[in-house]
**Student:** 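To start, I am sharing the structure in question, which I have written as structure tokens.
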Amino acid sequence: MSNNYFNTLPLREQLEQLGKCRFMSIDEFSDGVEALKGKKMVVIGCGAQGLAQGMNLRDSGCDVSYALREAAIAEKRQSWKNASENGFVVGTYEELIPTADVVLNLTPDKQHTSVVNAIMPLMKQGACLSYSHGFNIVEEGMKIREDLTVIMVAPKCPGSEVRNEYVRGFGVPTLIAVHEDNDPKGEGLALAKAYAAGTGGHKAGVLMSSFIAEVKSDLMGEQTILCGMLQTGSLLCFDKMVEEGIDPGYASKLIQYGWETITEALKYGGVTNMLDRLSNPAKIKAFDLSEELKQIMRPLYNKHQDDIIDGTFSRTMMEDWANDDKNLLGWRAETAETAFEKTPAGDVEISEQEYFDNGILMVAMVKAGVELAFETMTAAGIIADSAYYESLHETPLIANTIARKKLYEMNATISDTAEYGCYLYNHACLPLLADFMKDIKTDVIGKGLDLEDTGVDNARLIEVNTALRSHPVEAIGAVLRGHMADMKKIV
Amino acid sequence: MNIRLDNLTVNFDDRFQLDQINWQLDDTQHWVITGANGSGKSALAAVLAGAGDNLSGTIEGLPARVGLVSFEAQAELIERERKKDDADIMDVISEGTPVHEILSEGGRNPALVSQLVEMFKLESLLNRSFRKLSTGESRKVILIRALASEPELLVLDEPFDGLDAHTLEMLQQYLATLVETVPMVLVLNRFDEFPDFVTHIAYVDHGRLAYQIDRNDKRAYNELYQLLHLKTTDLEVPAADPETAIPRLDPAQPLVKLNSINITYDGHRIIDSLDWTIERNQHWQLSGPNGSGKTGLLSLITGDHPQCYVNDIFVFGFQRGKGESIWQIKQFIGYVSTALQWEYKVGTGLRNVIISGFYDSIGLYTKATDRQKKIADEWLALLGMSDRADTPFNKLSYGDQRLLLIARAMVKHPPLLILDEPCLGLDDMNRQLVLALIEKICAASETSVLYVNHHAEDKIKGIENYLKLEKREPAAS
């Protein structure tokens, strides 16, 4: 079994690595793909992410080919089709890896150990190995040959968007890192920057982070607020509405599209703006509910973060990997059987504002989840910038997946690590909120407040507004959204 | 009064012909006839005053008294006066007919004549010979004659031309007082001169009555405004931006050279061993049925097709697949297609959409320079959209979006402009708009145009090279 790399480091270094995250200026990318010119890039894995990155890099003038397992080529599997129909040279590991100056490992996390073990002996002296996720290095403690440079370039979007944004002349926000134990020639950063530029990421904003910060914050975000909270919230809100006599079709639609609608407001103006979309009495109600939720769920968020930091989470998940994904697949099947999943969205018109007005509890859940994830991450030594991206920033992406695919497909779409964590969270959170849900009525989920008079107490409103606006996730959010706006919404 | 023209074809001394006009006017309507120079708008107006020889079709309901003001009517009167001058043969100095006589001809209402003389401030000229009046003065006389004839229909061909601001305002106000009693047909070239009382617009193009529009139909009204603007504006296609100039190409090399090109999907070959060279300053038309590979072929040139890396393609000085980036290729190409329009789903303002053409991006991700903004504004002026510079692109009509994307494609003056079915999905008026813009571009720049279309009638002047693709049926398996 593997050795957790993070746990081998002294606390001082752990903290230093967790605290790495810097928004880079576009001026730092003025060399473009120069550092990769004349170098041979070989991609391993040709799923959506692998294909998108390879196409972008090639269109930026890089020399890209694909190495696949012999079986994938012989059986003309989808990965082989993806690469060869798009005009790429495709070959086996043995054929292509020895020629590569940069190897891009874009296989799923679960395969990293076997893939890296297979290619490492084939790699040429002094070449570069690149990851899009640091799990293999940080959690599995994979040791990479000392002469090899190890970097990470992680576009923070699904593969289809990585490609589409590039074609538009833009890119997607991207995280880069250099594994300091493997930077023998000191060229890791230059390669990572050129790679990010080749995928167009530099136009949308690049974060300079570390393998450790990326893994520990990414795992935390995805299993709590991003996937876990939205899954748990969906199930609880749906069952409650049906129990209270709301039409199941309406309830299903309110949830399926509601997360996307309310987190769109979150994306533009943070938690503050999301709550500002509510009437004053509804805002105060959502605030109170979220305070209650935060109190109930805080121990759970702490446990998730603790398990991630000390490696308990990755160890149990890898045990399940070794056990043919028994837990994962069982939980996935259970998700398919939930009432929410089985009730299609009704053919009813719901206006944009109605999603807020009738989804006060959902707003409260998003607020509680975002703030708790952010608070827990920063308390564990993760810098606010990383914590923001891995909580608030990515929530709308998952909400969008639920809008398109509901829960089962959402889980099948996200990474295995995210899905496993999501189920862990969901199983712990459902019973945790059982009592809380008993007091919930349709005024906060399904029908909206039924008030003749929307007046509120001045002092209370000021108190709520101040609390919303002074939360630390709002401060860093304003700064980072500002950077992003400079780059993106010149439009 | 109800005038009705059915399939009317009228000849004017073999100089001009109006073809198959179908038109109805009743006495509650006030029309403007408009169109480009030489389109036949004056001829159509003159038909209402009985001019021309009817070759076929019918015209019914013309009133007996039509008050006509036009350059032709003015010229006719001047000519008549000139003929009266017998000085050359009689050896007497002819004074010609004084203005007051011209005005009282035909038993016009003397009180009304005096009132109008006062309004047009012609009192001091009443005894002057008509022949000795300036053009503007004689125009006023003609106007008074027409207005004082107590007409059942007023036909005013460019009545505001050559009038000073004061007179113009007076005349417009006076006409407004007549709307309840006299139906009017005005020939006007500028939308900003259309009086408020006008209820309908007739657009004449090449001797045909192309469009009849109810003024309350805002959309059609705006489209017509743009069409007239594009057909009549003196504005030129704006120049390129010297600061972001496209690198110079070797004039000896072709723009595009495709060698034995293949495109294959799922084992089926869509394009088979095709050679194609586009030299500088050549215009091409590419045609072929759906599925014949037109768009695939184009995207090999633009670099959007992944199989451009497995074909022998030379474009703008680059042999593809040798480490160039697609942005190096795209800078030489302006591109417009329906697919691009579908992709271009942004809430960006119109000015930014045009500027995005400098960067070949969908949306704008770079701060624009002042010069780029100025060029974009010049394009908006050319398109007649100056007042909409900050309107979100996705709020535009489909046809306007297309016009704007053509401007976006041309803003950098690319060596190659690819128009992939630029009229697809457009109604006739928008089609006219697009073609008018393309013709303006072709006439004014050194860009080679590569035009892809289905509609044989959408011809563009100056295209002399043709490539026709055939659909390849899948080989039997």
Side-chain angles (χ1 to χ4, degrees), chain A residues 26-27 29 32-34 36-41 46 51-52 54-66 76 78 81-90 163-173 194 197-205 268 484-491, chain B residues 262-268 299-300 302-311 313 318 320-331 335 339-340 342-353 355-369 372-373 390 392-394 408:
Chain A
I26 192 154
D27 305 338
F29 294 88
V33 295
E34 208 47 49
L36 288 168
K37 280 273 153 143
K39 292 205 157 69
K40 209 166 165 39
M41 303 180 83
C46 195
L51 181 63
M55 289 178 87
N56 291 0
L57 287 162
R58 180 175 65 175
D59 278 347
S60 295
C62 297
D63 176 355
V64 179
S65 48
Y66 283 79
K76 301 195 170 179
Q78 192 57 42
K81 270 194 191 161
N82 288 348
S84 53
E85 289 210 339
N86 282 297
F88 287 103
V89 170
V90 183
R163 179 60 184 163
N164 288 342
E165 289 295 324
Y166 180 87
V167 171
R168 294 164 67 95
F170 195 48
V172 304
T199 58
H202 64 307
K203 293 184 183 168
Y268 278 99
M484 302 293 287
D486 280 351
M487 303 191 123
K488 183 156 193 176
K489 285 285 170 181
I490 294 169
V491 290
Chain B
N262 298 315
I263 300 180
T264 307
Y265 299 116
D266 266 336
H268 173 44
S299 52
L300 283 184
T302 60
D304 292 322
H305 199 299
Q307 291 180 26
C308 64
Y309 293 98
V310 290
N311 275 296
I313 298 171
F318 294 97
R320 289 309 315 270
K322 303 280 184 207
E324 74 295 339
S325 85
I326 50 165
W327 309 107
Q328 286 174 298
I329 307 294
K330 284 180 185 292
Q331 63 180 334
Y335 187 68
L340 174 71
W342 289 335
E343 285 294 310
Y344 215 114
K345 284 175 296 196
V346 293
T348 311
L350 304 192
R351 184 189 290 116
N352 283 342
V353 169
I355 295 172
S356 73
F358 285 113
Y359 302 100
D360 309 303
S361 58
I362 293 179
L364 183 61
Y365 311 106
T366 311
K367 281 214 169 68
T369 65
Q372 287 169 338
K373 284 181 195 159
D390 298 314
F393 180 72
N394 52 17
R408 169 187 176 272

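Residue numbering restarts at 1 for every chain, and letters A, B, ... go by the order of the sequence lines. Heavy atoms only: backbone and side chains are in, while hydrogens, waters and symmetry mates are out. Values in this document were obtained by computation on a predicted structure and should not be read as measured data.
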**Student:** Using the side chain to side chain contact (heavy atoms under 4.5 Å, CB included) definition, which of the options A:N86, A:D59, A:V64 pairs with B:Y309?
**Tutor:** A:D59
**Student:** Of all residues at least two apart in sequence or in a different chain, which pass the salt bridge (charged side-chain N to carboxylate O under 4.0 Å, His left out) check with B:D390?
**Tutor:** B:R351
**Student:** Looking at chain B, which one of A:G61, A:G38, A:G87, A:C62 has the largest number of heavy-atom pairs inside 4.5 Å, strictly under?
**Tutor:** A:G61
**Student:** Which pair of non-hydrogen atoms, one from A:K37 and one from B:G323, has the smallest distance, and what is that distance?
**Tutor:** NZ-O, 2.7 Å
**Student:** Please find the pair of heavy atoms, one from B:E343 and one from A:R168, that lie closest to each other, and give the distance.
**Tutor:** O-NH1, 4.1 Å
**Student:** Need one label for A:K81: side chain, backbone, both or neither, based on atoms under 4.5 Å from any heavy atom in chain B.
**Tutor:** neither
**Student:** The criterion is ring-ring contact (aromatic ring centres under 6.0 Å, His included); which residues satisfy it with B:Y344, sequence neighbours excluded?
**Tutor:** B:F393
**Student:** Could you look at B:Q328 and say if it's the side chain, the backbone, both or neither that has a heavy atom under 4.5 Å from chain A?
**Tutor:** neither
**Student:** Please name the pair of heavy atoms, one in A:G169 and one in B:S361, separated by the smallest distance, quoted to 0.1 Å.
**Tutor:** CA-CB, 4.1 Å
**Student:** Let me confirm one number: the OG1-CD1 distance from B:T366 to A:I26, rounded to the nearest 0.5 Å.
**Tutor:** 7.5 Å
**Student:** So which residue, B:Q307, B:H305, B:E324, ends up with the most heavy-atom pairs under 4.5 Å with chain A?
**Tutor:** B:E324
**Student:** Within the supplied structure, the quantity of interest is the number of heavy atoms (other residues, nucleotides, ligands) at a distance under 6.0 Å from A:Q78 CD; does it exceed 12?
**Tutor:** yes
**Student:** Can you tell me how far OH of A:Y166 sits from CH2 of B:W327, rounded to the nearest 0.5 angstrom?
**Tutor:** 6.0 Å
**Student:** Within this structure, what is the SG-CZ distance for the pair B:C308 and A:R58, rounded to the nearest 0.5 Å?
**Tutor:** 6.5 Å
